[in-house]
Amino acid sequence: MSASCTPPQGRMGRRKKTLQEQQELLGLSPYELERLKNIKENAKFLNSLKLLESASVLRSSPNNRRKTNGIKREKKVKIIEESTRRRSTRLQGINNPLTNNTEQPNMPEPVVLEEHPMKPPGPLELMPINFVEGSGTFENFVKTWDSISQVVTGSSKTTQSADFKRYVSGLKSMSLLDNGVAKVVRDRIFSVAVHPSESQILVAAGDKWGQVGLWNPNHQSHDNGAYAFTPHSRPVCCMYFSPSNSAHLLSLSYDGTVRCGDANRLVFEEIYRDAEDSFSSFDFLSPDASVLLVSHWDAHLSLVDSRTPGTSYEHRTSLGMKSARTVNVHPVNRNICVVAGACDVCIYDVRKLNKKTTQPVLSLIGHTRSVASAYFSPVTGNRILTTCADDLIRVYDSSSLSSVDLPFTSLRHNNNTGRWLTRFRAVWDPKQEDCFVIGSMLRPRQIPVFHENGNLLHSFQDSEYLGSVCSINAMHPTRNLLVGGNSSGRLHIFCG
(Lines give C-alpha, C1' and ligand atoms only; values in the text may rest on other atoms or scores of the structure.)
Protein backbone atom coordinates (compact mmCIF):
# COMPACT_ATOMS: atom_id res chain seq x y z
CA MET A 1 0.00 0.00 0.00
CA SER A 2 1.36 3.38 -0.97
CA ALA A 3 1.91 6.30 1.37
CA SER A 4 -0.83 8.33 -0.25
CA CYS A 5 -3.40 5.86 1.00
CA THR A 6 -2.39 6.13 4.68
CA PRO A 7 -5.11 7.82 6.80
CA PRO A 8 -4.24 11.21 8.31
CA GLN A 9 -2.74 11.18 11.87
CA GLY A 10 -3.87 14.67 12.94
CA ARG A 11 -6.49 15.62 15.57
CA MET A 12 -9.34 15.79 13.09
CA GLY A 13 -8.30 12.51 11.70
CA ARG A 14 -8.82 10.52 14.91
CA ARG A 15 -11.60 7.90 14.80
CA LYS A 16 -14.42 8.27 17.33
CA LYS A 17 -14.53 5.34 19.73
CA THR A 18 -17.65 3.27 19.83
CA LEU A 19 -19.75 2.62 22.97
CA GLN A 20 -18.40 -0.89 23.19
CA GLU A 21 -14.83 0.40 23.03
CA GLN A 22 -15.53 2.94 25.82
CA GLN A 23 -17.03 0.17 27.91
CA GLU A 24 -13.97 -1.99 27.40
CA LEU A 25 -11.65 0.97 28.16
CA LEU A 26 -13.39 2.05 31.42
CA GLY A 27 -14.43 -1.40 32.48
CA LEU A 28 -18.10 -0.26 33.09
CA SER A 29 -21.20 -2.33 32.69
CA PRO A 30 -23.97 -1.31 30.25
CA TYR A 31 -26.17 -0.23 33.17
CA GLU A 32 -23.51 2.11 34.57
CA LEU A 33 -22.86 3.64 31.16
CA GLU A 34 -26.59 4.26 30.68
CA ARG A 35 -26.70 5.95 34.09
CA LEU A 36 -23.84 8.29 33.19
CA LYS A 37 -25.58 9.18 29.97
CA ASN A 38 -28.78 10.12 31.82
CA ILE A 39 -26.83 12.30 34.25
CA LYS A 40 -25.24 14.24 31.40
CA GLU A 41 -28.57 14.77 29.68
CA ASN A 42 -30.23 15.98 32.90
CA ALA A 43 -27.39 18.43 33.56
CA LYS A 44 -27.67 19.74 30.03
CA PHE A 45 -31.40 20.28 30.47
CA LEU A 46 -30.96 22.15 33.79
CA ASN A 47 -28.33 24.40 32.28
CA SER A 48 -30.72 25.31 29.52
CA LEU A 49 -33.23 26.56 32.11
CA LYS A 50 -30.68 28.99 33.61
CA LEU A 51 -31.97 28.48 37.19
CA LEU A 52 -28.68 29.42 38.87
CA GLU A 53 -28.56 32.81 37.12
CA SER A 54 -32.16 33.60 38.12
CA ALA A 55 -31.49 32.67 41.76
CA SER A 56 -28.44 34.95 41.94
CA VAL A 57 -30.48 37.87 40.58
CA LEU A 58 -33.20 37.33 43.21
CA ARG A 59 -30.66 37.20 46.07
CA SER A 60 -29.02 40.43 44.99
CA SER A 61 -32.37 42.31 44.85
CA PRO A 62 -33.15 43.99 48.30
CA ASN A 63 -36.90 44.16 47.51
CA ASN A 64 -37.25 40.44 47.11
CA ARG A 65 -35.19 39.48 50.19
CA ARG A 66 -37.27 37.36 52.67
CA LYS A 67 -36.90 37.45 56.37
CA THR A 68 -36.26 34.08 57.95
CA ASN A 69 -37.20 34.19 61.60
CA GLY A 70 -37.69 30.46 62.00
CA ILE A 71 -40.80 28.76 63.26
CA LYS A 72 -42.56 30.62 66.00
CA ARG A 73 -43.88 28.21 68.60
CA GLU A 74 -46.87 29.22 70.60
CA LYS A 75 -45.88 29.40 74.24
CA LYS A 76 -48.00 27.30 76.52
CA VAL A 77 -49.22 29.35 79.45
CA LYS A 78 -48.96 27.32 82.64
CA ILE A 79 -52.14 27.76 84.58
CA ILE A 80 -51.53 27.51 88.30
CA GLU A 81 -54.61 26.99 90.37
CA GLU A 82 -53.89 28.78 93.57
CA SER A 83 -55.51 27.13 96.55
CA THR A 84 -57.14 29.51 98.95
CA ARG A 85 -55.07 29.92 102.05
CA ARG A 86 -57.00 28.75 105.04
CA ARG A 87 -57.22 31.33 107.78
CA SER A 88 -59.11 30.98 110.98
CA THR A 89 -61.81 33.43 111.95
CA ARG A 90 -59.69 34.41 114.93
CA LEU A 91 -56.83 35.62 112.69
CA GLN A 92 -59.28 37.61 110.54
CA GLY A 93 -60.83 39.29 113.55
CA ILE A 94 -64.23 37.67 112.99
CA ASN A 95 -66.28 36.63 115.96
CA ASN A 96 -67.19 32.99 116.39
CA PRO A 97 -70.61 32.37 114.79
CA LEU A 98 -71.50 30.02 117.64
CA THR A 99 -71.16 32.79 120.20
CA ASN A 100 -72.24 35.78 118.12
CA ASN A 101 -75.34 36.21 116.00
CA THR A 102 -73.78 38.76 113.63
CA GLU A 103 -73.79 37.87 109.94
CA GLN A 104 -70.54 36.28 108.76
CA PRO A 105 -68.98 36.88 105.32
CA ASN A 106 -68.84 34.09 102.76
CA MET A 107 -65.74 32.08 103.59
CA PRO A 108 -64.02 29.82 101.04
CA GLU A 109 -64.44 26.13 101.51
CA PRO A 110 -61.42 24.52 103.24
CA VAL A 111 -59.12 22.42 101.09
CA VAL A 112 -59.53 18.72 101.89
CA LEU A 113 -57.71 15.63 100.81
CA GLU A 114 -59.66 13.76 98.15
CA GLU A 115 -58.42 10.39 99.29
CA HIS A 116 -59.29 11.04 102.94
CA PRO A 117 -62.05 13.67 103.02
CA MET A 118 -63.10 15.45 106.19
CA LYS A 119 -65.85 13.67 108.07
CA PRO A 120 -69.19 15.50 108.14
CA PRO A 121 -70.04 17.43 111.32
CA GLY A 122 -72.25 15.90 113.96
CA PRO A 123 -72.49 12.38 115.38
CA LEU A 124 -71.31 9.35 113.38
CA GLU A 125 -72.60 5.83 113.71
CA LEU A 126 -70.38 3.53 115.74
CA MET A 127 -70.34 0.78 113.15
CA PRO A 128 -67.14 -1.10 112.26
CA ILE A 129 -65.95 -1.28 108.67
CA ASN A 130 -65.41 -5.04 109.12
CA PHE A 131 -68.97 -5.60 110.33
CA VAL A 132 -70.55 -8.89 109.26
CA GLU A 133 -74.32 -8.65 109.18
CA GLY A 134 -76.20 -11.42 110.94
CA SER A 135 -73.19 -12.82 112.81
CA GLY A 136 -74.07 -11.15 116.14
CA THR A 137 -70.40 -10.95 117.14
CA PHE A 138 -70.19 -7.16 117.12
CA GLU A 139 -73.34 -6.85 119.23
CA ASN A 140 -71.78 -9.17 121.81
CA PHE A 141 -68.56 -7.19 121.66
CA VAL A 142 -70.34 -3.91 122.45
CA LYS A 143 -72.34 -5.52 125.25
CA THR A 144 -69.12 -6.76 126.82
CA TRP A 145 -67.57 -3.29 126.57
CA ASP A 146 -70.60 -1.71 128.20
CA SER A 147 -70.86 -4.31 130.98
CA ILE A 148 -67.20 -4.18 132.04
CA SER A 149 -67.38 -0.37 132.03
CA GLN A 150 -70.21 -0.40 134.58
CA VAL A 151 -68.08 -2.49 136.94
CA VAL A 152 -65.05 -0.18 136.90
CA THR A 153 -66.96 3.14 136.79
CA GLY A 154 -66.08 5.17 139.85
CA SER A 155 -63.32 2.78 140.97
CA SER A 156 -60.73 3.13 138.20
CA LYS A 157 -58.47 5.59 139.99
CA THR A 158 -54.80 4.72 139.72
CA THR A 159 -53.09 3.47 142.86
CA GLN A 160 -49.45 3.46 143.85
CA SER A 161 -47.79 0.10 144.43
CA ALA A 162 -46.09 0.03 147.83
CA ASP A 163 -43.82 -2.96 147.19
CA PHE A 164 -41.26 -2.06 144.55
CA LYS A 165 -39.70 -5.53 144.46
CA ARG A 166 -43.10 -7.04 143.90
CA TYR A 167 -43.67 -4.64 141.04
CA VAL A 168 -40.40 -5.62 139.35
CA SER A 169 -41.20 -9.29 139.89
CA GLY A 170 -44.57 -8.73 138.24
CA LEU A 171 -42.87 -7.18 135.19
CA LYS A 172 -40.58 -10.17 134.77
CA SER A 173 -43.52 -12.57 135.01
CA MET A 174 -45.28 -10.96 132.05
CA SER A 175 -45.12 -12.58 128.62
CA LEU A 176 -46.78 -12.20 125.26
CA LEU A 177 -50.25 -13.73 125.19
CA ASP A 178 -50.83 -16.75 122.98
CA ASN A 179 -53.24 -14.69 120.88
CA GLY A 180 -51.62 -11.41 121.88
CA VAL A 181 -50.75 -10.03 118.43
CA ALA A 182 -53.38 -8.69 116.02
CA LYS A 183 -53.71 -6.14 113.25
CA VAL A 184 -56.23 -3.73 114.75
CA VAL A 185 -56.01 -0.77 112.34
CA ARG A 186 -54.87 -0.46 108.73
CA ASP A 187 -51.95 1.99 108.99
CA ARG A 188 -49.30 3.27 111.38
CA ILE A 189 -50.39 3.55 115.00
CA PHE A 190 -50.25 7.03 116.57
CA SER A 191 -52.04 6.41 119.90
CA VAL A 192 -52.97 3.56 122.24
CA ALA A 193 -55.42 3.33 125.16
CA VAL A 194 -56.12 0.56 127.70
CA HIS A 195 -59.53 -0.05 129.27
CA PRO A 196 -59.29 -0.14 133.11
CA SER A 197 -61.27 -3.38 133.46
CA GLU A 198 -59.65 -6.09 135.58
CA SER A 199 -61.81 -8.93 134.25
CA GLN A 200 -61.52 -8.37 130.50
CA ILE A 201 -58.79 -7.07 128.18
CA LEU A 202 -59.94 -4.24 125.94
CA VAL A 203 -57.45 -2.03 124.12
CA ALA A 204 -57.79 0.72 121.50
CA ALA A 205 -55.50 2.13 118.82
CA GLY A 206 -55.63 5.13 116.47
CA ASP A 207 -53.83 5.12 113.13
CA LYS A 208 -52.49 7.56 110.54
CA TRP A 209 -55.65 7.97 108.47
CA GLY A 210 -58.37 8.31 111.05
CA GLN A 211 -59.13 4.72 111.96
CA VAL A 212 -59.87 3.75 115.56
CA GLY A 213 -59.56 0.07 116.38
CA LEU A 214 -60.93 -1.80 119.41
CA TRP A 215 -59.63 -5.24 120.32
CA ASN A 216 -60.64 -7.85 122.87
CA PRO A 217 -58.32 -10.86 122.38
CA ASN A 218 -60.77 -13.12 124.27
CA HIS A 219 -63.67 -12.24 121.98
CA GLN A 220 -64.39 -14.78 119.25
CA SER A 221 -64.99 -13.24 115.83
CA HIS A 222 -63.77 -13.53 112.24
CA ASP A 223 -61.16 -10.81 112.93
CA ASN A 224 -59.80 -12.16 116.24
CA GLY A 225 -61.98 -9.81 118.27
CA ALA A 226 -60.75 -6.62 116.54
CA TYR A 227 -63.08 -4.00 115.05
CA ALA A 228 -62.04 -0.89 113.10
CA PHE A 229 -63.98 2.38 112.83
CA THR A 230 -63.40 5.59 110.87
CA PRO A 231 -64.50 8.57 112.99
CA HIS A 232 -61.62 10.76 111.72
CA SER A 233 -59.80 11.49 108.47
CA ARG A 234 -56.28 12.30 109.70
CA PRO A 235 -53.90 10.84 112.34
CA VAL A 236 -55.56 9.95 115.64
CA CYS A 237 -52.75 11.17 117.89
CA CYS A 238 -54.39 11.10 121.34
CA MET A 239 -56.94 8.76 122.87
CA TYR A 240 -58.25 7.93 126.39
CA PHE A 241 -61.06 5.98 127.96
CA SER A 242 -63.07 8.41 130.08
CA PRO A 243 -62.07 8.20 133.77
CA SER A 244 -65.70 8.76 134.83
CA ASN A 245 -67.32 6.36 132.35
CA SER A 246 -65.05 3.90 130.54
CA ALA A 247 -67.86 3.08 128.10
CA HIS A 248 -66.76 6.36 126.46
CA LEU A 249 -63.63 6.44 124.30
CA LEU A 250 -62.43 9.95 123.48
CA SER A 251 -60.18 10.47 120.45
CA LEU A 252 -58.46 13.53 118.99
CA SER A 253 -57.19 13.90 115.44
CA TYR A 254 -55.12 16.20 113.25
CA ASP A 255 -58.31 16.86 111.27
CA GLY A 256 -59.48 19.30 113.96
CA THR A 257 -62.05 17.12 115.73
CA VAL A 258 -62.48 15.52 119.14
CA ARG A 259 -65.02 12.69 119.27
CA CYS A 260 -66.43 10.41 121.94
CA GLY A 261 -67.31 6.82 121.08
CA ASP A 262 -70.28 5.72 123.19
CA ALA A 263 -70.73 1.96 123.67
CA ASN A 264 -74.27 2.45 124.97
CA ARG A 265 -75.64 4.74 122.24
CA LEU A 266 -73.41 3.34 119.46
CA VAL A 267 -72.36 6.76 118.15
CA PHE A 268 -69.22 8.87 117.89
CA GLU A 269 -70.37 12.17 119.34
CA GLU A 270 -68.56 15.30 118.20
CA ILE A 271 -67.30 17.27 121.19
CA TYR A 272 -65.04 19.85 119.55
CA ARG A 273 -64.57 20.82 115.91
CA ASP A 274 -62.40 23.36 114.11
CA ALA A 275 -62.03 22.56 110.43
CA GLU A 276 -59.50 25.39 109.99
CA ASP A 277 -57.06 24.16 112.62
CA SER A 278 -55.16 21.01 113.59
CA PHE A 279 -55.14 19.48 117.07
CA SER A 280 -52.22 17.68 118.69
CA SER A 281 -53.32 16.43 122.14
CA PHE A 282 -55.87 16.73 124.94
CA ASP A 283 -56.33 15.95 128.62
CA PHE A 284 -59.16 16.03 131.14
CA LEU A 285 -59.26 19.24 133.13
CA SER A 286 -62.13 18.15 135.39
CA PRO A 287 -62.29 14.82 137.28
CA ASP A 288 -65.62 13.94 135.65
CA ALA A 289 -64.05 14.32 132.17
CA SER A 290 -66.58 16.96 131.10
CA VAL A 291 -64.00 19.73 130.57
CA LEU A 292 -61.02 19.22 128.27
CA LEU A 293 -57.81 21.06 127.52
CA VAL A 294 -56.95 20.76 123.81
CA SER A 295 -53.55 21.73 122.39
CA HIS A 296 -53.13 22.93 118.80
CA TRP A 297 -50.14 22.51 116.53
CA ASP A 298 -50.00 26.30 116.09
CA ALA A 299 -49.32 26.67 119.85
CA HIS A 300 -52.84 27.52 120.99
CA LEU A 301 -54.70 26.01 123.90
CA SER A 302 -58.48 25.62 124.01
CA LEU A 303 -60.74 24.95 126.95
CA VAL A 304 -63.73 22.84 125.88
CA ASP A 305 -66.80 22.05 127.97
CA SER A 306 -68.71 19.08 126.58
CA ARG A 307 -71.82 20.00 128.60
CA THR A 308 -72.47 23.20 126.66
CA PRO A 309 -74.36 23.01 123.35
CA GLY A 310 -72.37 23.20 120.15
CA THR A 311 -68.88 22.01 119.27
CA SER A 312 -66.86 25.16 119.93
CA TYR A 313 -64.47 26.15 122.71
CA GLU A 314 -65.19 28.13 125.85
CA HIS A 315 -61.82 29.84 125.92
CA ARG A 316 -58.78 29.94 123.69
CA THR A 317 -55.33 31.45 124.11
CA SER A 318 -51.90 31.57 122.50
CA LEU A 319 -49.11 29.89 124.46
CA GLY A 320 -46.29 31.99 123.03
CA MET A 321 -44.28 29.04 121.67
CA LYS A 322 -43.66 27.65 118.20
CA SER A 323 -45.85 24.57 118.54
CA ALA A 324 -47.65 22.48 121.13
CA ARG A 325 -47.33 18.70 120.88
CA THR A 326 -48.80 17.42 124.15
CA VAL A 327 -50.75 18.85 127.09
CA ASN A 328 -51.04 17.14 130.47
CA VAL A 329 -52.94 18.21 133.59
CA HIS A 330 -51.48 17.91 137.10
CA PRO A 331 -53.25 14.97 138.86
CA VAL A 332 -53.63 16.86 142.18
CA ASN A 333 -53.54 20.56 141.36
CA ARG A 334 -55.79 20.47 138.29
CA ASN A 335 -55.32 24.16 137.56
CA ILE A 336 -51.76 23.39 136.43
CA CYS A 337 -50.81 21.85 133.09
CA VAL A 338 -47.56 21.14 131.27
CA VAL A 339 -47.19 21.64 127.50
CA ALA A 340 -44.40 20.21 125.31
CA GLY A 341 -43.42 21.93 122.08
CA ALA A 342 -40.48 22.75 119.85
CA CYS A 343 -37.53 22.90 122.31
CA ASP A 344 -40.00 24.18 124.92
CA VAL A 345 -41.59 22.57 127.97
CA CYS A 346 -43.71 25.09 129.85
CA ILE A 347 -46.01 24.96 132.86
CA TYR A 348 -49.19 27.05 132.76
CA ASP A 349 -51.87 28.05 135.24
CA VAL A 350 -55.25 27.52 133.61
CA ARG A 351 -56.79 30.22 135.80
CA LYS A 352 -54.49 32.79 134.17
CA LEU A 353 -55.37 32.04 130.55
CA ASN A 354 -56.20 35.23 128.66
CA LYS A 355 -57.52 35.96 125.19
CA LYS A 356 -54.21 36.94 123.61
CA THR A 357 -50.99 35.35 124.85
CA THR A 358 -50.59 33.53 128.15
CA GLN A 359 -47.20 33.54 129.81
CA PRO A 360 -45.98 30.31 131.42
CA VAL A 361 -45.53 29.97 135.15
CA LEU A 362 -42.30 28.02 134.66
CA SER A 363 -40.17 26.77 131.77
CA LEU A 364 -38.12 23.57 131.95
CA ILE A 365 -34.68 24.25 130.58
CA GLY A 366 -32.18 21.86 129.01
CA HIS A 367 -33.91 20.70 125.82
CA THR A 368 -31.91 21.38 122.66
CA ARG A 369 -34.27 19.91 120.05
CA SER A 370 -38.00 19.34 119.64
CA VAL A 371 -39.78 17.70 122.55
CA ALA A 372 -42.21 14.91 121.70
CA SER A 373 -44.02 14.73 125.06
CA ALA A 374 -44.11 15.89 128.69
CA TYR A 375 -46.21 14.23 131.43
CA PHE A 376 -46.71 14.67 135.15
CA SER A 377 -46.33 11.53 137.27
CA PRO A 378 -49.85 10.06 137.47
CA VAL A 379 -50.46 9.97 141.25
CA THR A 380 -48.68 12.88 142.95
CA GLY A 381 -47.48 14.94 140.00
CA ASN A 382 -44.08 15.35 141.69
CA ARG A 383 -42.18 14.37 138.54
CA ILE A 384 -42.26 15.52 134.91
CA LEU A 385 -41.13 13.06 132.24
CA THR A 386 -40.01 14.45 128.86
CA THR A 387 -38.91 12.81 125.59
CA CYS A 388 -36.67 14.89 123.32
CA ALA A 389 -35.17 14.47 119.86
CA ASP A 390 -31.71 15.11 121.33
CA ASP A 391 -31.73 11.42 122.38
CA LEU A 392 -32.38 12.14 126.04
CA ILE A 393 -35.20 11.21 128.38
CA ARG A 394 -35.37 13.71 131.22
CA VAL A 395 -37.04 13.54 134.63
CA TYR A 396 -37.67 16.79 136.53
CA ASP A 397 -38.64 17.31 140.14
CA SER A 398 -41.95 19.20 140.11
CA SER A 399 -42.83 18.82 143.80
CA SER A 400 -42.35 22.58 144.16
CA LEU A 401 -43.87 24.51 141.28
CA SER A 402 -42.30 27.76 142.46
CA SER A 403 -39.04 26.72 140.79
CA VAL A 404 -37.86 23.71 138.80
CA ASP A 405 -34.13 23.06 138.50
CA LEU A 406 -32.26 21.05 135.93
CA PRO A 407 -33.41 17.44 135.49
CA PHE A 408 -32.12 15.06 138.13
CA THR A 409 -32.14 12.26 135.52
CA SER A 410 -30.99 12.49 131.89
CA LEU A 411 -31.14 9.05 130.31
CA ARG A 412 -29.39 8.53 126.98
CA HIS A 413 -31.87 6.83 124.62
CA ASN A 414 -32.12 6.67 120.82
CA ASN A 415 -35.26 8.71 120.06
CA ASN A 416 -34.61 9.22 116.34
CA THR A 417 -37.23 6.95 114.83
CA GLY A 418 -36.96 8.32 111.31
CA ARG A 419 -39.71 9.14 108.85
CA TRP A 420 -41.69 5.89 108.81
CA LEU A 421 -42.03 5.28 112.55
CA THR A 422 -44.13 7.21 115.04
CA ARG A 423 -42.05 9.28 117.44
CA PHE A 424 -41.36 7.77 120.84
CA ARG A 425 -43.25 9.14 123.84
CA ALA A 426 -42.15 7.93 127.27
CA VAL A 427 -45.20 7.42 129.50
CA TRP A 428 -45.54 6.68 133.20
CA ASP A 429 -46.88 3.41 134.54
CA PRO A 430 -50.13 4.45 136.28
CA LYS A 431 -49.70 1.89 139.07
CA GLN A 432 -46.02 2.72 139.70
CA GLU A 433 -45.47 6.41 139.14
CA ASP A 434 -41.69 6.32 139.46
CA CYS A 435 -41.39 3.94 136.47
CA PHE A 436 -42.02 4.53 132.79
CA VAL A 437 -42.14 2.67 129.47
CA ILE A 438 -40.90 3.75 126.03
CA GLY A 439 -40.22 2.27 122.60
CA SER A 440 -36.76 1.14 121.57
CA MET A 441 -34.71 0.93 118.37
CA LEU A 442 -32.48 -1.84 119.77
CA ARG A 443 -32.28 -5.34 118.38
CA PRO A 444 -33.69 -7.79 119.22
CA ARG A 445 -36.88 -5.71 119.27
CA GLN A 446 -38.01 -4.89 122.79
CA ILE A 447 -40.09 -2.61 124.98
CA PRO A 448 -38.04 -1.41 127.98
CA VAL A 449 -39.28 -0.22 131.37
CA PHE A 450 -37.07 2.20 133.34
CA HIS A 451 -37.01 3.61 136.85
CA GLU A 452 -36.97 7.38 137.21
CA ASN A 453 -33.29 7.21 138.18
CA GLY A 454 -32.48 5.76 134.74
CA ASN A 455 -32.06 2.11 135.72
CA LEU A 456 -33.45 -0.48 133.33
CA LEU A 457 -35.93 -2.69 135.18
CA HIS A 458 -37.06 -5.04 132.42
CA SER A 459 -37.31 -5.38 128.64
CA PHE A 460 -40.26 -7.15 127.09
CA GLN A 461 -39.17 -9.38 124.20
CA ASP A 462 -40.47 -12.21 122.07
CA SER A 463 -38.17 -13.57 119.40
CA GLU A 464 -40.99 -15.12 117.40
CA TYR A 465 -43.77 -12.53 117.42
CA LEU A 466 -42.14 -9.22 118.39
CA GLY A 467 -40.07 -8.35 115.35
CA SER A 468 -40.91 -4.65 114.90
CA VAL A 469 -40.52 -1.38 116.77
CA CYS A 470 -43.43 -0.62 119.11
CA SER A 471 -43.30 3.19 119.16
CA ILE A 472 -46.47 3.78 121.21
CA ASN A 473 -47.03 1.90 124.48
CA ALA A 474 -49.41 2.01 127.42
CA MET A 475 -49.74 0.23 130.77
CA HIS A 476 -52.90 -0.97 132.51
CA PRO A 477 -53.72 1.18 135.57
CA THR A 478 -54.01 -1.80 137.98
CA ARG A 479 -53.05 -5.06 136.22
CA ASN A 480 -49.71 -6.33 135.00
CA LEU A 481 -50.55 -5.63 131.37
CA LEU A 482 -48.65 -3.79 128.64
CA VAL A 483 -49.83 -2.87 125.13
CA GLY A 484 -47.43 -1.86 122.35
CA GLY A 485 -48.36 -0.57 118.90
CA ASN A 486 -46.16 -0.64 115.80
CA SER A 487 -46.20 1.12 112.42
CA SER A 488 -48.13 -1.58 110.57
CA GLY A 489 -51.28 -1.30 112.72
CA ARG A 490 -50.54 -4.23 115.01
CA LEU A 491 -50.90 -4.37 118.78
CA HIS A 492 -48.87 -6.61 121.10
CA ILE A 493 -50.22 -7.53 124.56
CA PHE A 494 -47.92 -8.68 127.35
CA CYS A 495 -49.73 -9.94 130.43
CA GLY A 496 -48.75 -11.54 133.77
Side-chain angles (χ1 to χ4, degrees), residues 86-92 190-191 234-235 237-238 252-256 258 272 274 276-285 291-304 313-330 333-376 381 383-398 401-407 410 415-416 422-427:
R86 302 188 330 184
R87 298 180 62 197
S88 65
T89 55
R90 174 185 57 81
L91 294 176
Q92 299 179 77
F190 273 66
S191 57
R234 300 297 302 279
C237 49
C238 189
L252 174 144
S253 173
Y254 286 13
D255 62 7
V258 179
Y272 182 28
D274 188 346
E276 297 180 353
D277 211 340
S278 182
F279 303 156
S280 59
S281 178
F282 80 95
D283 199 8
F284 303 104
L285 183 62
V291 183
L292 310 178
L293 278 182
V294 178
S295 62
H296 302 237
W297 282 107
D298 63 353
H300 282 82
L301 189 67
S302 296
L303 189 149
V304 180
Y313 56 84
E314 303 298 320
H315 189 79
R316 184 172 177 175
T317 184
S318 173
L319 299 176
M321 56 173 59
K322 292 182 179 180
S323 66
R325 297 182 180 273
T326 62
V327 58
N328 185 241
V329 177
H330 195 285
N333 187 359
R334 306 196 72 87
N335 293 317
I336 301 298
C337 68
V338 59
V339 178
C343 302
D344 300 313
V345 177
C346 300
I347 299 174
Y348 294 89
D349 191 336
V350 179
R351 297 167 296 184
K352 298 181 180 179
L353 299 180
N354 54 50
K355 294 183 179 181
K356 294 184 178 181
T357 302
T358 300
Q359 297 299 324
V361 177
L362 286 172
S363 296
L364 305 185
I365 60 176
H367 302 94
T368 58
R369 297 185 66 184
S370 64
V371 184
S373 61
Y375 301 108
F376 284 109
R383 299 287 187 267
I384 297 177
L385 175 66
T386 68
T387 308
C388 185
D390 60 6
D391 288 345
L392 286 176
I393 302 172
R394 296 174 174 85
V395 182
Y396 293 82
D397 184 1
S398 57
L401 294 176
S402 59
S403 63
V404 177
D405 298 326
L406 292 172
S410 294
N415 297 327
N416 290 305
T422 305
R423 292 187 66 178
F424 292 158
R425 297 196 296 263
V427 293

So do the side chains of [X] and [Y] get within less than 4.5 Å of each other, counting heavy atoms only?
{"X": "Val294", "Y": "Leu301", "answer": "no"}
{"X": "Val404", "Y": "Asp397", "answer": "no"}
{"X": "Val291", "Y": "Val304", "answer": "no"}
{"X": "Arg425", "Y": "Arg325", "answer": "no"}

Query - Residues forming a salt bridge (Lys or Arg N to Asp or Glu O under 4.0 Å) with Asp405, sequence neighbours excluded - result: none
**Report entry** Basic-acidic side-chain contact under 4.0 Å: Lys322, Asp344
**Finding:** no
Query raised in the report: Are Arg316 and Asp274 within salt-bridge range, i.e. N to O under 4.0 Å?
Result: yes
Requested in this report: Determine, stepwise, if the pair Tyr375 / Thr326 fulfils side-chain contact (heavy atoms from CB on, under 4.5 Å).
Outcome: CA-CA 8 Å; Tyr375 301 108; Thr326 62; 3.9 Å; yes
Query raised in the report: Any side-chain donor-acceptor pair under 3.5 Å between Asn335 and Asp349?
Result: no
Query raised in the report: With a 3.5 Å cut-off and no angle check, do the side chains of Arg423 and Ser370 form a donor-acceptor pair?
Result: yes
Not counting sequence neighbours, which residues clear side-chain contact (heavy atoms from CB on, under 4.5 Å) with [X]? List them please.
{"X": "Arg334", "value": "Phe284, Pro287, Val329"}
{"X": "Ala299", "value": "Met321"}
{"X": "Ser318", "value": "His300, Thr357"}
{"X": "Ser280", "value": "Ser295, Trp297"}

Checking [X] now: which residues fulfil side chain to side chain donor-acceptor pair (under 3.5 Å) with it, not counting sequence neighbours?
{"X": "Glu314", "value": "Thr308"}
{"X": "Thr317", "value": "Thr358"}
{"X": "Thr368", "value": "Asp390"}
{"X": "Tyr254", "value": "none"}

Requested in this report: Kindly compute the distance separating CD1 (Ile384) from OG (Ser398), expressed to the nearest 0.5 Å.
Outcome: 4.0 Å
Whether the side chain of [X] engages the backbone of [Y] through a donor-acceptor N/O pair (distance < 3.5 Å, no angle test) should be reported.
{"X": "Arg394", "Y": "Gly366", "value": "yes"}
{"X": "Thr422", "Y": "Phe190", "value": "no"}
{"X": "Thr387", "Y": "Ile393", "value": "no"}

Work out which heavy atom in [X] is nearest to a heavy atom in [Y]; give both atom names and the distance.
{"X": "Cys346", "Y": "Ser363", "result": "SG-OG, 3.6 Å"}
{"X": "Ser302", "Y": "Tyr313", "result": "CB-CB, 4.1 Å"}
{"X": "Val339", "Y": "Ala324", "result": "CG1-CB, 3.8 Å"}
{"X": "Ala389", "Y": "Asn416", "result": "O-OD1, 3.6 Å"}
{"X": "Asn415", "Y": "Asp391", "result": "N-OD1, 2.9 Å"}
{"X": "Ala374", "Y": "Asn328", "result": "O-CB, 3.7 Å"}

**Report entry** Derivation of the side-chain contact (heavy atoms from CB on, under 4.5 Å) call for Leu401 and Ile336
**Finding:** CA-CA 9 Å; Leu401 294 176; Ile336 301 298; 4.0 Å; yes
Report task. List in chain and number order the residues that pass ring-ring contact (aromatic ring centres under 6.0 Å, His included) with Phe279, two or more places apart in sequence or in another chain; answer none if no residue qualifies. Result -> Tyr272, His296
Query raised in the report: Under the ring pair (Phe, Tyr, Trp, His ring centres under 6.0 Å) rule, what pairs show up with a residue in residues 334-374, not counting sequence neighbours?
Result: His367-Tyr396
Report task. Might you work through the side-chain contact (heavy atoms from CB on, under 4.5 Å) test for Leu303 and Leu285, ending with a clear yes or no? Result -> CA-CA 9 Å; Leu303 189 149; Leu285 183 62; 3.7 Å; yes
Report task. Begin with the C-alpha distance, continue with both residues' side-chain angles, and end with the deciding distance and a verdict on side-chain contact (heavy atoms from CB on, under 4.5 Å) for Leu292 and Asp283. Result -> CA-CA 6 Å; Leu292 310 178; Asp283 199 8; over 6 Å; no
